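First up is the structure itself, then whatever we jot down about it.
Each chain gets a letter, A, B and so on, in the order the sequences are listed, and its residues count up from 1. Nothing here was measured: the structure is a model prediction, and the numbers come from that model.
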2 protein chains.
Amino acid sequence: MQTAVTIDPAAMLREAGLRVTDSRIAVLTALANNPHAGADALFVRVQQVLPNTSRQAVYNVLNDITDAGLARRIEPAGQPGLFELRVGDNHHHIVCKTCGAIADVDCVTGHAPCLTPNETQGFDLSEAEVTFWGVCANCKTAALPNTSIVPA
Amino acid sequence: MQTAVTIDPAAMLREAGLRVTDSRIAVLTALANNPHAGADALFVRVQQVLPNTSRQAVYNVLNDITDAGLARRIEPAGQPGLFELRVGDNHHHIVCKTCGAIADVDCVTGHAPCLTPNETQGFDLSEAEVTFWGVCANCKTAALPNTSIVPA
DNA sequence: TCACTATTTTGACCTATTCAAAAAAGTGCG
DNA sequence: CGCACTTTTTTGAATAGGTCAAAATAGTGA
C-alpha cells in the first residue's frame, strides 16, 4: 500500500532545464500528492518539510514549473489558481459549485468534434478548455433535509 | 445606421423584481454596448453618464443583475470578471491568448454529446462551460514579421 | 405624501499575486 | 575541490480586483 505518489522531481527538473533546488523538489512532491492544490495549500505543505520556505518561493516555483511545462495552472471562476502535474493529456475538470472540490474528467471523445467551433471569428484556435459545474457527492449529502433526525 | 444597441433596461429590471435606479440603467446600457466588459471598464462608461456613481455601486449592480439572471459573469483565466447580457443560450467564448479579446461562439452541437462526461465522479452535473483559446486576427497580424518595411 | 425597504456612498479591508533588491545557493569548469 | 557565474530565494513592499459595513439616500406601494 502506497500512501505517497512517487515521482522523480529532480529528474523532472533536470529534463526541463531547471536547477534542482529543495523548494522545487518540495513543491513538486506536494503537488504530486495534492492535485488541484493552490499556492497557499502548497505553501503549507512545503513548510512542513522546509520550514524556512517563503510564500514567494512557492509562487516562483509554481510559475517556473508551469512555464517549463511540468505543471498546468487551472483557474475555475471564483477560485484562486490551482495546479496539477497531469499535463499534456487534455483532460478536463468538474468543479463543485458548493465547496469548490475539483475532479479530473478524461476527455470523452478525444479530438472531440463538437469542440471545434464552426465560426472562429478570425481567431487561430489552439485549445479548448472544458469545465463542468455541478455538486459533489459530499455536498449533495450535506444538502439533504435531515429526515432521519426525529426529536424525542 | 445604429450606433447604440437598444434594450429596455427599466423593463428588464422590473421583470426581474429589481428597483429601477439610474445606476442600474446606466450599467445595463453600458453592458449592452460593451459585451464582455469588466467592472472597471463599465465604471468608466457609467461615469460618463452619471459622474457621481461610485465604483462600489457598479459592483453592486453587477452582482445584483447577475444574481437576478439578467447578466452572466465569465472569468477566463488570468482576467478579471467580465459580464454580458446574453444569457441563457449556452453559448461559449473564444479568448485571445495575446490580448485577451473575447468573442462569442455559438454552441455547435446543441446538447453536445461529448459534453456529458462518462464519469461524473459522484457529481450532480449541471453545466458545461467551454472556453476556446487562440490568437485573434489583430494579434496574428501584429505578430507577423514586417516583411514589407524595407529601409531605403 | 408617507413609511418602508432597497440601494448607494464612503472608506476601510482582504486575498491572491507580483515586483524589486540583496543574500544565498546550484552548476560547469579548471 | 573550489571559483565564478547565474539562477533562485528571501524579505518586504506594492498592486489589482473585489468585498464588508454603516450611514445617507432614493424607489415604491398604499
Side-chain angles (χ1 to χ4, degrees), chain A residues 9-31 36-47 49-68 70-71 73-83 100 102, chain B residues 9-30 36-47 49-68 70-83 100 102:
Chain A
M12 293 171 67
L13 291 167
R14 265 186 230 104
E15 273 168 49
L18 293 174
R19 287 193 181 172
V20 178
T21 70
D22 289 350
S23 324
R24 287 179 175 162
I25 291 177
V27 169
L28 284 172
T29 305
L31 210 38
H36 314 132
D40 200 67
L42 291 169
F43 173 58
V44 171
R45 291 284 177 155
V46 167
Q47 282 219 312
V49 184
L50 300 170
N52 295 329
T53 310
S54 66
R55 187 177 299 270
Q56 180 64 56
V58 173
Y59 277 104
N60 286 345
V61 172
L62 289 172
N63 284 333
D64 293 343
I65 64 178
T66 301
D67 290 349
L70 295 180
R73 178 190 174 122
I74 62 170
E75 203 180 319
Q79 294 194 225
L82 304 174
F83 297 84
I102 298 187
Chain B
M12 292 171 68
L13 290 166
R14 264 186 231 101
E15 275 168 46
L18 293 174
R19 289 193 180 172
V20 178
T21 69
D22 290 349
S23 325
R24 286 179 175 163
I25 292 177
V27 169
L28 283 172
T29 306
H36 313 132
D40 200 67
L42 292 168
F43 173 59
V44 171
R45 291 284 176 156
V46 167
Q47 282 219 309
V49 185
L50 300 171
N52 295 330
T53 311
S54 67
R55 188 176 298 272
Q56 180 64 55
V58 174
Y59 277 105
N60 286 345
V61 172
L62 289 172
N63 285 332
D64 292 344
I65 63 179
T66 301
D67 290 349
L70 295 179
R72 178 148 83 107
R73 179 190 173 124
I74 61 169
E75 202 181 318
Q79 294 193 222
L82 304 173
F83 297 84
I102 298 187

Check your understanding: With a 4.5 Å limit on heavy-atom distance, are the side chains of A:Ile102 and A:Pro76 in contact?
Key ->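 Yes, side chains in contact.
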Check your understanding: Is there a side-chain contact between A:Asp22 and A:Val49, using heavy atoms and a 4.5 Å cut-off?
Key ->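 A:Asp22 does not reach A:Val49 side chain to side chain.
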Minimum-distance nucleotide (side-chain atoms of [X] versus [options]):
| X | options | result |
| --- | --- | --- |
| A:Gln56 | D:dT8, C:dT7, C:dC19 | C:dC19 |
| A:Ser23 | C:dA25, D:dT9, D:dT19 | D:dT9 |
| A:Arg55 | D:dG12, C:dT17, C:dT9 | C:dT17 |
| B:Val61 | D:dG18, C:dT8, C:dT18 | C:dT8 |

Point to revise | Presence of donor-acceptor pair under 3.5 Å, side chain of A:Arg19 and base of D:dT6 | key: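 Side chain to base: pair present.
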Whole-Å distance between [N] [atom2] and [X] [atom1]?
| X | N | atom1 | atom2 | result |
| --- | --- | --- | --- | --- |
| B:Leu13 | C:dA6 | CG | P | 16 Å |
| A:Tyr59 | D:dG12 | OH | C1' | 15 Å |
| B:Leu18 | C:dT8 | CG | P | 10 Å |
| A:Leu62 | D:dT8 | CG | C1' | 14 Å |
| A:Asp67 | C:dT18 | CG | P | 10 Å |
| A:Asn60 | D:dT6 | CG | C1' | 15 Å |
| A:Glu75 | C:dT18 | CD | P | 10 Å |
| B:Asn52 | D:dA24 | CG | C1' | 14 Å |

**Study point:** Below 4.0 Å: OP1/OP2 of D:dT8 and any side-chain N or O of A:Arg24
**Key:**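 Yes, within the criterion.
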Review point. Quick one: is B:Asn63 getting a side-chain N or O under 4.0 Å of the D:dT19 phosphate, OP1 or OP2?
Key: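 Checking D:dT19 against B:Asn63, a side-chain N or O does come within under 4.0 Å of OP1 or OP2.
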Review point. When the nearest nucleotide of DNA chain D is assigned to B:Leu82 and to B:Arg14 on a heavy-atom basis, which residue is associated with the more 5' position?
Key: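 The 5'-side residue here is B:Leu82.
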Contact class for [X] vs. all strands (heavy atom < 4.0 Å): base, sugar-phosphate, or nothing?
| X | result |
| --- | --- |
| B:Thr21 | sugar-phosphate |
| A:Gly38 | nothing |
| A:Asp22 | nothing |
| B:Asp40 | nothing |

Exercise for review: Apply the test side-chain contact (heavy atoms from CB on, under 4.5 Å) to residues B:Arg45 and B:Val27: give CA-CA distance (whole Å), side-chain angles for both, the deciding distance (0.1 Å), then the verdict.
Suggested key: CA-CA 8 Å; B:Arg45 291 284 176 156; B:Val27 169; over 6 Å; no
Review point. Atom CD1 of A:Ile74 and atom CD of A:Gln79: how far apart are they, to the nearest 0.5 Å?
Key: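 Reported to 0.5 Å precision, the distance equals 8.0 Å.
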Practice item. Could you walk me through whether A:Asp64 and A:Leu70 pass side-chain contact (heavy atoms from CB on, under 4.5 Å), step by step? Key: CA-CA 9 Å; A:Asp64 293 343; A:Leu70 295 180; over 6 Å; no
